[in-house]
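What follows is one structure encoded as C-alpha cells, with my remarks underneath.
Computation of the quantities below employed the complete heavy-atom set of this structure, encompassing side-chain atoms and omitting hydrogens, waters and symmetry-equivalent molecules. Since the structure is predicted, the reported quantities are computational estimates derived from the model, not experimental observations.
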Amino acid sequence: MTVKTRLEPAPSGSIHVGSARTGLFSWLFAKHHGGSFVLRIADTDAKRVTEENYRSVLEDMRWLGLHWDEGPETGGPNGPYRQSERFHLYTEKANELLAKGYAYPCYCTPEELELERKTAHEEGRTSGYSGRCRTLTDEQRRAFEAEGRASSLRFAVPADRTITFHDAVLGEIVTDLGRTPDFVIQRSDGSPTYMLAVTVDDVAMGITHVIRGNDLVASTARQLLLREAFGVEEVPVFAHLPLLVTTDGRPLSKRFGDVSIGAYRDQGFLPEAMVNYLALLGWSYDDRTNVFSVDELIERFSLERVGKNPAAFDVAKLEWLNGHYIRSLTPEELAERLVPFCVRAGLPADSSEGREVLKGVAPLISERLKRLDEAPPMIRFLFEDVAPEGKAVKTLEGQTEYLGAVAEGLERLDKWTTPAIEEVLRGLAEERELKPKQAFQPVRAAVTGTLVSPPLFESIELLGRERTLKRLRYPA
RNA sequence: GGCCCCGUAGUCUAGUUGGCCUAGGACGCCGCCCUCUCAAGGCGGAGAUCACGGGUUCGAAUCCCGUCGGGGCUACCA
C-alpha cells in the first residue's frame, strides 16, 4: 500500500504554526514511506475565505519546503483541490445519503438550536440537538417549507452503538454514539460542512493516513460513520498530534503573539530552522539529537515516536536553532537572504555593490544573528553615515586628539587590510599605554556610531579608507 | 455540566516487557575561559522528592486505585 497523507488548511491567512507542524508531520510521514502528500484547501465556509488568504497558504507551504504531490497549481488525478470547487461532489453524496435514509432535512432555526443546546447543557447531557426533525411527517415538512424555512441536512446517528478506532498516537479510542447528536452535513445554503467534505475527499483521494491535530479526535467517529454510510470498507490510519500551547500552557492563540508562519518569516527565521524546531514539538528521535536536516527528518520520522502531551512553542529555542542555521550558511547565501531585510530597513542593498557589501559583512555578523531582521542595525554604518547614539556620544567626548592620531596612522597605510589596520591600532594603544578597550571603543564609536558592532578591524577594512578617515576626523 | 485526552526541571524531551535512573540530552538561566564591543565557541553550575495521595513489590517515573491540575470536544468553524 502506498502511503498518502494530506493537509487541509482553512485559508484564513498565513498558516498557523500548529497547522504547519501538522503539515510537516504529514509530509515527513509520506516521504519517509515513499508516499505522496496532498494539499487540499478547506474553504467550504465561504464567508471566511479570501483569495489573498488562499495565496498566503500556498506561499507558506512553499517557504517551508513542504511541496505537495497533489494540490492547487500542481494538479493531480483527484482535483480540483479547493473544496469550494468540489461542491457538486458533496451535493451528490449528500443526496445519496438522503435517498438512502441516512440523512434527513432539519428545519430548526438558529434560535431553536441555541435553546436546545442550552437545555442540554443544563441537564448535563453532552450536547444539544435532540434529533426532533428526524421524525417529521411529510405533512410537517411541507408545512415548514410553506413557511419558507430553509433546511439543512443532518446525519441520523445510530444512538445504540459505539465506534472504536485505533489511533497511532493515542491508542484505542471508543466513542459512544449515544452521546453524539445528529450532525449537519450540508448547510441550509447547500454548502457542505467539514464533516462531509473531509470524508468525501479522503475517500475520493485515497488518503491512507490522516494526521491532524488533537482537536479533531472527537470528530473521527462521525467521519467513520459517514464512510460506513457510503459503503466504504477501508479505513485510514488516524494519528492525532498533541496540541501546541504557549510556554504558560495556554492555547496557542493570537493573544500569545505570533502564531502565523508569515510572522516568523518576516522576522528572519529560516525555513530550515522552523522545520527543525517544529519537528521537535511532540516528536523526538532519541535522547540527545536536536539538530536535523530535512533529509534526516525524512529518514528518521515515525509516528511511534510522537508523544501525547501538549507541546509548548518556545521562541527562545527556535532562535537558538535559527542562529545555528544562520551560521551554517555560506557568506553568499547569507548575503542573499539578507537583501530583503536590508531593503525593508531602508538600506540600498539590492544592487551589485550592496550585495558585495553584504557578502563582505556576512562572515562578521553570522555568529551574531539569531534572526535576519537583526542585521540591518548592525551594518547600517557600512551604507550610510551614522550619528553616534547614546553611550557612544559619551565615549567620544575628549577623544578628538586621539582619534586624529588614529586617522593619521591609518592614512599612512599602503595596504588597507585588516592585519595592517590592526597593527596600527594596537601599536598606537601600546604607545599610549591604553588598554585594548580604552583604545578601541572610541574608534568603534566614531566609525560605527555604536559601542556594539561587528569586529572593528574588519569593519574598518570594509568601510574603506576615505569614509573611515572622515568619520575619525569629523564625527557626525 | 457531560464525554475524551494529558501530567518528568521555566521550556522541548529520553525513559514505558518495573532494577543499568544516585532520572540522560537540549533550550533558557548563572559562573569561568577566550576576547577590540557584542556574539559565537569551550568548560563548569544551579534547577525535577518523575502533579499529589494511597497501594502492589525485595525494588516503581515505569503496574493498580483515588485526588488535583491542564487541555480538547460538546457549531449550519475547521
Within the structure shown, what part of the strands sits under 4.0 Å from [X] by heavy-atom distance: base, sugar-phosphate, or nothing?
X: A:Leu318; answer: nothing
X: A:Pro9; answer: nothing
X: A:Cys106; answer: nothing
X: A:Leu243; answer: sugar-phosphate
X: A:Phe183; answer: nothing
X: A:Ile185; answer: nothing
X: A:Glu458; answer: base

Legend entry - SB check A:Glu114 A:Arg117 (cutoff 4.0 Å): yes
Legend entry - NZ/NE/NH1/NH2 to OD/OE distance under 4.0 Å, A:Glu367 and A:Arg327: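 Here A:Glu367 does not pair with A:Arg327 in a salt bridge, since their nearest N and O are not under 4.0 Å apart.
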Which nucleotide, in any strand shown, forms a Watson-Crick or G-U wobble pair with [N], with both distances under 3.5 Å?
N: B:G41; answer: B:C33
N: B:C73; answer: B:G2
N: B:A9; answer: none
N: B:C52; answer: B:G66
N: B:A61; answer: none

Inset, instruction - Give every residue pair that meets the salt bridge (Lys or Arg N to Asp or Glu O under 4.0 Å) criterion with at least one member in residues 301-316 of chain A, sequence neighbours excluded. - result: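 Of all non-adjacent pairs touching residues 301-316 of chain A, none passes salt bridge (Lys or Arg N to Asp or Glu O under 4.0 Å).
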Inset, instruction - Is it possible for you to check whether A:Arg432 lies under 6.0 Å from the centre of the six-membered ring of A:Tyr402, through NZ or CZ, and within 45° of that ring's axis? - result: no
Inset, instruction - Not counting sequence neighbours, list each pair that qualifies as a ring-ring contact (aromatic ring centres under 6.0 Å, His included) and has a residue in residues 167-191 of chain A. - result: A:Phe155-A:Phe183
Inset, instruction - Enumerate the residue pairs fulfilling ring-ring contact (aromatic ring centres under 6.0 Å, His included) with a member in residues 438-465 of chain A, sequence neighbours excluded, ordered by first and then second residue. - result: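 For residues 438-465 of chain A: A:Phe440-A:Phe457.
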Determine: side-chain N/O of [X] to OP1/OP2 of [N], distance under 4.0 Å, yes or no.
X: A:Lys308; N: B:C6; value: yes
X: A:Arg117; N: B:U74; value: no
X: A:Arg327; N: B:G41; value: yes
X: A:Arg426; N: B:C36; value: yes
X: A:Thr289; N: B:A26; value: no

Legend entry - Backbone of A:Arg250 reached by a side-chain donor or acceptor of A:Asp248 within 3.5 Å: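 Looks like no, no N/O pair under 3.5 Å.
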Inset, instruction - Within residues 365-381 of chain A, find the residues that approach RNA chain B with a heavy atom at under 4.0 Å, and present them sorted by residue number. - result: A:Glu367, A:Arg368
Scan nucleotides 13-18 of chain B against the protein and return all N/O pairs shorter than 3.5 Å with their distances rounded to 0.1 Å.
{"residue": "B:U13", "atom": "OP1", "partner": "A:Gly282", "partner atom": "N", "Å": "2.5"}
{"residue": "B:U13", "atom": "O3'", "partner": "A:Ser284", "partner atom": "OG", "Å": "3.3"}
{"residue": "B:A14", "atom": "OP1", "partner": "A:Ser284", "partner atom": "OG", "Å": "3.0"}
{"residue": "B:A14", "atom": "O3'", "partner": "A:Arg305", "partner atom": "NH2", "Å": "3.4"}
{"residue": "B:G15", "atom": "OP1", "partner": "A:Arg305", "partner atom": "NH1", "Å": "3.1"}
{"residue": "B:G15", "atom": "OP1", "partner": "A:Arg305", "partner atom": "NH2", "Å": "3.3"}

Inset, instruction - Write down the distance separating the C1' atoms in B:G10 and B:C5, rounded off to the nearest Å. - result: 24 Å
Inset, instruction - Could you encode protein contacts along nucleotides 42-48 of chain B as a string, one character per nucleotide from 5' to 3', using B for base contact, S for sugar-phosphate-only contact and - for no contact, with a heavy-atom cut-off of under 4.0 Å? - result: -------
Can you name the side chain to side chain donor-acceptor pair (under 3.5 Å) partners of [X], sequence neighbours left out?
X: A:Glu147; answer: A:Arg149
X: A:Asp167; answer: A:His240
X: A:Arg368; answer: none
X: A:Thr417; answer: none

Inset, instruction - Kindly indicate whether the side chain of A:Ser188 and the base of B:C76 share any N or O donor-acceptor pair separated by less than 3.5 Å? - result: yes
Inset, instruction - Say whether A:Arg86 and A:Gln83, considering side chains only, have a donor N or O and an acceptor N or O under 3.5 Å apart. - result: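 A:Gln83 and A:Arg86 do not have a side-chain donor-acceptor pair below 3.5 Å.
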Legend entry - Exercise: do A:Tyr81 and A:Asp201 side chains pair donor with acceptor under 3.5 Å: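 Side-chain D/A pair, A:Tyr81 to A:Asp201: absent.
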Legend entry - Separation of B:U74 C1' from A:Asp215 CG (nearest whole Å):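 Rounded to whole Å, this separation is 13 Å.
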Inset, instruction - Using whole Å, report how far CD of A:Glu172 lies from P of B:C5. - result: 10 Å
Listing time: all N or O pairs from protein to nucleotides 66-68 of chain B that are below 3.5 Å?
none

Got a list of side-chain donor-acceptor pairs under 3.5 Å for residues 386-399 of chain A, not counting sequence neighbours?
{"residue": "A:Thr395", "atom": "OG1", "partner": "A:Lys391", "partner atom": "O", "Å": "3.0"}

